[in-house]
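Take a look at the structure set out below.
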Amino acid sequence: MAQKSLPTRCKTVIVGGGVMGCGLAYHLAHEGWGPETVLLEKAELTSGSTWHAAGQITHSTSSYGLGRMVDYNIGLYSGALEAETGQAVTWHGCGSFRLAYTEDEMDWLRHTLSVGRALGFNIELVEPDFIAKKHPFYNLEGVLGALHTPDDGHVDPSNVTMAMATGARQKGVQIFRQCRATNITQNDLGEWVVETDQGTIICEHVVNAGGTYARQMGEWSGLQLPMTSMTHHYFVTEDVPQFSDLDSELPVIRDDKEVSGYIRMEQKKGLIGIYEKENSNSVWHDECPWDYENWLFEADYDRVMPWLENALERMPIFADLGITREVHGAISHPPDGNPMVGPAPGVKNYWCCCGTQIGIGWGPGLTRELAKWMVHGAADINMRDYDPRRFGGYATKDWQVVKAHEDYKLRHEVPFPHFNRLEGRPIKPSPLYELLKERGAVYEEVYGFERPRWFARDGIEQRDHYSFKRNPVHDVVGAEVRAVREAVGIMDVTAFTKIEISGPGAYALLDRLTANRMPQKTGSITLTHMLNRRGRIELETTIVRLAEDRFYLVCAAFFEQRLLDHLSQNQAGEDATITALSASWSALSLNGPKSRDVLTQCTDADLSNAGFRWLSAQEITIAGHQVWAFRMSYAGELGWELHMPDHACLDVYTALWKAGTPLGIINYGSFAMNVLRMEKAFPGASELTNEVTLAEADVMRFVKTNKEFLGKEATLNGDDLPWICAYLAIEPDGIEDGHGGEAVRLNGENVGATASVAYGHSVGKILAFAYLKPGASKPGTELEVLISGKPRAAKVLGEAAYDPTSQRPRADVLTKEMA
C-alpha cells in the first residue's frame, strides 16, 4: 500500500523512527494527540541503533523514578502491548542475576534491594548456591552473592518498536518511512518548519528522536544538544550443545566486575555483551553521517579481548565455540549517561527524545512521561535527571566527547553515592577555586560550576572516599556542621543560579508566576515556588526586591535554564527584562552564631536586628566593594548570603576569613549544607519535583490563596492527596545511613519511600524526607525504613529536629538557652 502524501500542517512532528520515536508516538496517541501527530523516518523503522540492540531489561536499578519506568516497560513487553496491538513482541521472561564479587558491590545490591522493595518489585538477594541451581554453567568463583530479579527478561527490539508503531497508527498517528528530514527551523509565528525530501510540514511541536543523529539534527535549529555516539560490541556464539536439552531459558547474567557486561542465551546460542572499562577507540568520530542506515562497524577484538577472555572463563561452555555474529554498533551517550528527554533549552515546543543509551530498557517509560509532559504540562515521574536543560553553554563538542568516553567506561562500575565524574574539569571554576583547593576543598560539578563538597583536614586525604557505608568523610562533615552550629562557617555558593528581572512589568510577571506573596518593600525577601499548569512544582526560588522595579532571583544551579525558559515562555506582554548573572556574579554564605561578629569587622553597616532585620537585603561595603547582603540562612543559623560581581569575591572572602580566624571560622561544603538543611527540615530539590503539588510537598504555608498564579486551580483542588512529604527520624546503626529511595513500612506494609536521607550530627539521628500515604504521615507515627535491606525504627516528626521555632537565625544575641 502506498503511503499517504505528507500533510502540510499538524500539531506534532516526531523525527526518528526508533524505539524512542515510536514509543513517543504510541504514548502521545494514548494521551489523545494521535490524529494530530506525524512521525518521519528517513529509512525504515528501527534502522538507526534500535535494530541492533541486545534488548535486555531489568528491575535492578537504584533509581526510584527509573525503577517505576522500568516496571511499566516490563509490563508492556510481557503482555500488554501484544494484547493491545496484536503484534508479537517476542518477550523472554527468563529473569536475571546481577553478581557481586566485593563488599562494595554487595552494598550496592543491598541498597538496590531496598529501593526495589519500595517499588514492590519481585526482587531478592541470593547466595551462590541459589545462583548455581538457576544457572549451572556459570563459573561462580569469587562471587559473594547476586540480586535476583525473576521478572526480568529480554525482548526483540524491532518487534517491540513495530508493535508500538502499530499501536500509534491504530490511534491515528501517521508514520512516513523513507521520508528524510533535511532542516528544522522556527518561523516568525513561533511555529516549527520541518523540511523533508517529500515536502514541508509546519507544526506547533517538534520532537528530536534522532538517536545517534540527534546532535546533528539539533544543530539545524541552532541547538547544542550534548551527546556523543559511542560504539559497543556484543557477540553471538555457535549453538551451545548444553542448551539443547534445557526446559527453560537461563537467566541473564550481569557481571560488572569480570565481564563488564552481560551474558545470556540467544535461542540455543550464547550472547556476550561488553562495555570495556579501558579503551581508546569507542567514539564514532565522524559523527554518524545522516545518510547511514543499519550501520555496523567491523569488530575491534583488540579493544574487547581482555573482557571477552574473562567472559569465556566465566562461561567455559562457550570457550571452544566459534563466533557466528559480531555486532559493533553506535549508541548515544550524553555527558552524564542519562537520557535527554524534555524541552530543549531556550526555545518553545522543541522536545528532545534522544540520548538514550538503553533505549529498549528505558524507552517506553521515558516516552510515556514525555507524552504527559507535552500534553498536560508535567510528567508524573521526576524528570530532573533527564531534562536536556541540565547542561549549559559550557557543554562544547570537545567536552561532550571527553564526558561520553568517561560515561562509557563507567557503564559497569559500582554507582557509589555521590560518585564524582572528574574528566573534563574544571570547566566553570569560581574566583575562589584555586584558593579553596589549597585549603582542602574536594569539589563536585553542578551545572558546570565547581562547588566544594567538603574540606580535607585532620589527615584525611583530599579525594573522594566512596562507599555505601559511612567513610572517613562522615566525621569531617560532622566537624563542619558543629563549627557552623557553634561558631561560624563560610561556603562558596557561587554555583547558585542568579537572575535579575527589571522593568515596569517585572512585578506583574513574577506575581503571576509565584504562589507566595511577592516581596512588597525594597530590601524584602520571599521564598516561593513556580508551578506549571498542573500545579506541579517547577522550581523553588528566593526573590529579593532590590528596587521598585528590580528583582533578584536565586535558586539551585541546575535550574538556571529551566528558570529562564519558564520566565520568558510565560511572559505575556509584561515589560520586563530578564538577565542571567550566574556567569559573572559570585556568592558566599556566612553562617553561625559568630557570623555577625565576623561581618561587623568588615563593614560599617548596622547588623543588629533593628538595623538589619531577618529576611531583608541591603547593599553594604566589604573590602572596598559594594555587595548585596541577604539576611537569610539555609543552615538555620544567624547568617547572611553575600552576592557580588566576580572581581570582588576574592577580596571579600579574604576579609571575612581574616576577621573570622580568631573566632574559629571554617570552610564548609555542600555535604555539611545538606545536613544543616535536613536538621532544620528544609525540603530541597529531591522533595520539590515535577511529581508533586505544594500540598503533597507539605509546603502550603508558602501559598497565598488570595492572589492569582499559574497552577492555582490545581493547587487548591488537591483534597484527595495520594502521598504527603513527611519528615522522619530514623535510628542509626553507626554503619550505614541510607541514600534515598528506601522503602518505608507501617505494620509490615509499604507506605512510601524516602526522598532525602542524611545523618543529623547535631541531633544524633538519621533524618529523612519521605513521600508517604497520608495515613502514615501523621506526626508521631512509628514506622520502619529499610536501609541496606534491613528494617530500622523510624518516627514521623512534627517539627524540625533542630531549633524547631527558628529562634537562632532571628536572634540579636545568642542566649544561653539557645546555645
Side-chain angles (χ1 to χ4, degrees), residues 16-27 30 44-61 66-98 121-123 148-170 209 211 232 234-236 243 246 248-254 261-273 294 325 327 329 331-332 339 353 356-369:
V19 67
M20 297 300 289
C22 291
L24 181 61
Y26 172 83
H27 288 102
H30 278 263
E44 295 295 335
L45 299 182
T46 81
S47 64
S49 293
T50 298
W51 73 277
H52 63 69
Q56 284 100 219
I57 182 170
T58 178
H59 283 101
S60 173
T61 172
L66 187 58
R68 290 174 64 190
M69 295 187 207
V70 165
D71 193 48
Y72 165 75
N73 297 348
I74 289 176
L76 193 70
Y77 295 160
S78 62
L81 185 58
E82 186 169 338
E84 176 190 347
T85 64
Q87 171 112 18
V89 299
T90 321
W91 169 250
H92 296 259
C94 57
S96 68
F97 290 108
R98 186 180 293 279
F121 291 169
N122 184 10
I123 186 171
H148 183 215
T149 40
D151 296 335
D152 292 356
H154 57 96
V155 70
D156 182 278
S158 294
N159 281 2
V160 76
T161 305
M162 295 299 182
M164 288 192 291
T166 297
R169 288 190 184 101
Q170 289 171 348
H232 162 60
Y234 69 81
F235 304 91
V236 180
F243 289 173
L246 292 178
S248 59
E249 187 173 345
L250 296 171
V252 177
I253 295 284
R254 289 176 173 80
Y262 48 87
I263 294 177
R264 68 167 171 85
M265 292 176 64
E266 175 70 7
Q267 304 296 329
K268 297 301 180 181
K269 304 177 187 295
L271 186 149
I272 304 167
N294 298 93
R325 187 178 178 213
V327 178
I331 302 174
S332 186
C353 185
T356 311
Q357 57 172 282
I358 308 177
I360 302 301
W362 298 349
L366 287 167
T367 55
R368 177 187 65 169
E369 296 309 309

Would you say the rings of His27 and Tyr72 are close, in the sense that their centroids are separated by under 6.0 Å?
yes
Would you kindly say whether Asp156 and Thr90 are connected by a side-chain donor-acceptor distance under 3.5 Å?
no
Rounded to the nearest 0.5 Å, how far apart are CE of Met265 and OG of Ser248?
8.5 Å
Evaluate the criterion side chain to side chain contact (heavy atoms under 4.5 Å, CB included) for residue pair Thr149 and Phe121; output intermediate values, then yes/no.
CA-CA 8 Å; Thr149 40; Phe121 291 169; over 6 Å; no
How many angstroms lie between CD in Glu82 and OG1 in Thr166, if you round to the nearest 0.5 Å?
11.5 Å
Side-chain heavy-atom pair Lys269, Arg325 within 4.5 angstrom cut-off:
no
To the nearest 0.5 Å, what is the distance between CG (Leu271) and CZ (Phe235)?
10.0 Å
Check Cys22 against Leu45 and note the closest heavy-atom contact, atom names and distance.
SG-CD2, 4.1 Å
With a 4.5 Å heavy-atom cut-off, do Val160 and Leu81 have their side chains touching?
yes
Got Val252 and Asp152 here, is their nearest side-chain heavy-atom distance under 4.5 Å?
no
Roughly how far, to the nearest 0.5 Å, is the CE atom of Met69 from the OG1 atom of Thr367?
9.5 Å
Minimal non-hydrogen separation, Ser158 against Thr46, with atom names:
OG-OG1, 3.6 Å
Show the nearest heavy-atom pair for residues Thr356 and Pro339, with the distance to one decimal.
OG1-CB, 3.6 Å
Given Trp362 and Val70, is the side chain to side chain contact (heavy atoms under 4.5 Å, CB included) satisfied, shown in steps?
CA-CA 6 Å; Trp362 298 349; Val70 165; 4.2 Å; yes
Can you tell me how the ring of Tyr262 sits relative to the ring of His232, calling it parallel under 30°, perpendicular over 60° and tilted otherwise?
tilted
With a 4.5 Å limit on heavy-atom distance, are the side chains of Trp91 and Ile74 in contact?
yes
Taking side-chain hydrogen bond (donor to acceptor under 3.5 Å, both in side chains) as the criterion, tell me which of Gln56, Gln267, Glu249 meets it with His92.
Glu249
NE2 of His154 to CZ of Arg264, rounded to nearest 0.5 Å, is 4.0 Å
Least distance between heavy atoms, Pro364 atom then Gly359 atom:
CD-O, 4.1 Å
Kindly indicate, with the supporting measurements, whether the criterion side-chain hydrogen bond (donor to acceptor under 3.5 Å, both in side chains) is fulfilled by Glu84 and Tyr26.
CA-CA 12 Å; Glu84 176 190 347; Tyr26 172 83; 2.4 Å; yes
Would Ile360 and Thr50 count as a side chain to side chain contact (heavy atoms under 4.5 Å, CB included) if you check the C-alpha gap in whole Å, the side-chain angles of each, and the deciding distance to 0.1 Å?
CA-CA 8 Å; Ile360 302 301; Thr50 298; 4.2 Å; yes
Which of Asp71, Asp151, Asn73, Asn122 passes side-chain hydrogen bond (donor to acceptor under 3.5 Å, both in side chains) with His59? Answer is Asp71
Taking all heavy atoms of Thr58 and all of Ser96, pick out the closest pair and write down the distance.
OG1-OG, 3.7 Å
What's the separation between atom NE2 in His30 and atom CZ in Arg368, rounded to the nearest 0.5 Å?
11.5 Å
Return the minimal non-hydrogen interatomic distance between Arg98 and Ser60, and the atom names on each side.
NE-OG, 2.9 Å
Take Met164 and Val19, measure what side chain to side chain contact (heavy atoms under 4.5 Å, CB included) needs, and give me the verdict at the end.
CA-CA 8 Å; Met164 288 192 291; Val19 67; 3.7 Å; yes
